[in-house]
Enquirer: 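Below is one structure. I have some questions about it.
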Amino acid sequence: MTFSICVRESYVDADGDDQDRFGVAVTTRLPGVGALCPFASEHGAVATQALTNVELGEKGMDYLEDGLAADDALQALLNADDGRAERQLHGVGSETTFAFTGDDCLGWAGHRESDDYTVAGNLLTGAEVVEATADAYERNAEGDEPLAKRLIDALGAGHAAGGDKRDDLDIQSAAVVVTSTEDREMEPYYNDLRVDATETPLRDLRETFSMAREGYEAALEKYAEE
């Protein structure tokens, strides 16, 4: 299932407290990727793909919530998975990252791992897709745009570099999920978005983000007045 990015960012909230935010974004040339691949909570973010095993994402998040480091948690899950040679699994926790590409993943498959993010893909046109995704995120990591927007843009860079090689599959999908350790009265609507079936997933996800952002800002204004 194509390519994805997981990210951890530290920041200081409006009260001066240290916080972490976690994000994951994914796109593929199949419908419904948002229901299967991306997982995130205030403890980390995980993406499971290739021959997707949803349990790796679900249990990975449970392990992170229990306090395990991301590398220990995800490696333990792979060790117990007989199908790991066909899996791709990566993610970030509060302190560590992890990325794995099984030897039997199809097409060009690989990953890039940094201190605060991971990018992985399979059935791609080549390594340039992963590299372009990672480079685009790095360029904008200190930007003012919300993380969800920056993750969508990073996927867009990967798509522009070649993306998924299965150009005979027209119906595609994309998703982005962002969480944080900050306790907010109203979570931004644009932090959990999916486009489940379309021929233009990243364009549609960008448009969905823009509308959700507009709706969130309108709601903040309305309830502030009341």
Side-chain angles (χ1 to χ4, degrees), residues 2-28 33-35 37-47 57 61 64 70 90-94 97 112 114-120 130 132-160 173-196 198 200-225:
T2 319
F3 63 107
S4 56
I5 178 170
C6 295
V7 167
R8 173 185 64 244
E9 294 183 342
S10 297
Y11 68 100
V12 178
D13 66 19
D15 296 325
D17 296 324
D18 292 333
Q19 305 288 353
D20 288 323
R21 54 178 162 245
F22 302 96
V24 53
V26 58
T27 185
T28 189
V33 70
C37 293
F39 296 84
S41 75
E42 67 271 23
H43 304 287
V46 173
M61 298 312 301
L64 292 179
H90 66 109
V92 297
S94 59
T97 63
R112 176 166 152 181
S114 184
D115 290 340
D116 298 309
Y117 71 82
T118 56
V119 181
V130 166
T133 302
D135 290 346
Y137 169 71
E138 284 193 352
R139 285 194 302 271
N140 297 312
E142 304 300 326
D144 295 331
E145 290 284 6
L147 177 55
K149 172 67 162 54
R150 290 184 281 118
L151 291 177
I152 296 168
D153 289 344
L155 290 184
H159 177 71
S173 58
V176 61
V177 184
V178 173
T179 60
S180 79
T181 54
E182 185 176 354
D183 185 15
R184 289 181 282 206
E185 184 174 348
M186 183 184 295
E187 187 70 21
Y189 304 147
Y190 50 76
N191 274 349
D192 190 352
L193 302 174
R194 288 166 47 178
V195 175
D196 283 337
T198 178
T200 54
L202 295 178
R203 185 182 73 186
D204 292 358
L205 192 58
R206 283 194 187 96
E207 292 176 354
T208 301
F209 169 85
S210 295
M211 294 183 68
R213 185 180 191 175
E214 182 179 344
Y216 175 66
E217 292 171 351
L220 288 179
E221 183 178 350
K222 173 181 174 58
Y223 293 123
E225 291 173 352

Enquirer: Supply the atom-to-atom distance T133 OG1 to H159 NE2, rounded to the nearest 0.5 angstrom.
Expert: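 One gets 11.0 Å once the value is rounded to the nearest 0.5 Å.
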Enquirer: Between atom OG1 of T97 and atom CG of D115, what is the distance when rounded to the nearest 0.5 Å?
Expert: 7.0 Å
Enquirer: Go through the structure and list residues passing side-chain contact (heavy atoms from CB on, under 4.5 Å) with D204, not counting sequence neighbours.
Expert: V195, T198, T200, E207
Enquirer: When rounded to the nearest 0.5 angstrom, what is the spacing between CG in D116 and SG in C6?
Expert: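 One finds 12.5 Å between CG of D116 and SG of C6.
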Enquirer: Does R8 reach the main-chain N or O of G93 with its side chain, forming a donor-acceptor pair under 3.5 Å?
Expert: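 Checked: pair present.
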Enquirer: On a heavy-atom basis, which atom in G57 and which in V46 lie closest, and how many Å separate them?
Expert: CA-CG1, 4.2 Å
Enquirer: Does any pair with a residue in residues 12-25 pass salt bridge (charged side-chain N to carboxylate O under 4.0 Å, His left out), and if so which ones, sequence neighbours excluded?
Expert: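 Found E9-R21.
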Enquirer: Which atom names give the shortest non-hydrogen contact between A120 and H90, and what distance separates them?
Expert: CB-CD2, 3.5 Å
Enquirer: Kindly write out the residues that satisfy side-chain contact (heavy atoms from CB on, under 4.5 Å) with R194, not counting sequence neighbours, or none if the list is empty.
Expert: A35, A175, D196
Enquirer: Looking at every non-hydrogen atom in both residues, tell me the closest pair between L220 and M186 and how far apart they are.
Expert: CD2-SD, 4.0 Å
Enquirer: To the nearest 0.5 Å, tell me how far E142 CD sits from R150 CZ.
Expert: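 The CD atom of E142 sits 8.0 Å away from the CZ atom of R150.
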Enquirer: Check whether any side-chain heavy atom of R206 sits under 4.5 Å from a side-chain heavy atom of D153, and report yes or no.
Expert: yes
Enquirer: Do you know which two heavy atoms are closest between V24 and A47, and how far apart they sit?
Expert: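 Here V24 and A47 meet closest at CG2-CB, 4.1 Å.
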Enquirer: State, to 0.1 Å, how close S4 and L155 come at their nearest heavy-atom pair, and which atoms those are.
Expert: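 Distance-wise, the nearest heavy atoms are CA-CD2, 4.3 Å.
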Enquirer: Measure the spacing between OH of Y11 and CG of L147 and express it to the nearest 0.5 Å.
Expert: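 Output value for this atom pair is 10.0 Å.
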Enquirer: So, using salt bridge (Lys or Arg N to Asp or Glu O under 4.0 Å) as the criterion, who are the partners of E138 when residues are at least two apart?
Expert: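 Scan of E138 (salt bridge (Lys or Arg N to Asp or Glu O under 4.0 Å), adjacent residues dropped) gives R112.
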Enquirer: Nearest 0.5 angstrom please: T179 OG1 to F39 CZ, how far?
Expert: 13.0 Å
Enquirer: Determine whether L205 and T27 make a side-chain contact, defined as any pair of heavy atoms from C-beta on separated by less than 4.5 Å.
Expert: no
Enquirer: How would you list, by chain and number, every residue that makes a salt bridge (Lys or Arg N to Asp or Glu O under 4.0 Å) with E182, sequence neighbours excluded?
Expert: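 Salt bridge (Lys or Arg N to Asp or Glu O under 4.0 Å) list for E182, sorted by chain: empty.
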Enquirer: Identify, with sequence neighbours excluded, every residue that meets side-chain contact (heavy atoms from CB on, under 4.5 Å) alongside E217.
Expert: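 Result, side-chain contact (heavy atoms from CB on, under 4.5 Å) vs E217: R213.
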Enquirer: Ignoring hydrogens, what is the shortest heavy-atom contact between L151 and Y137? Give both atom names and the distance.
Expert: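 In terms of heavy atoms, the two residues are closest at CD2-CD1, 4.5 Å.
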Enquirer: With heavy-atom distances below 4.5 Å as the criterion, would you say the side chains of N140 and K149 are in contact?
Expert: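 Counting from C-beta outward, N140 and K149 never come under 4.5 Å.
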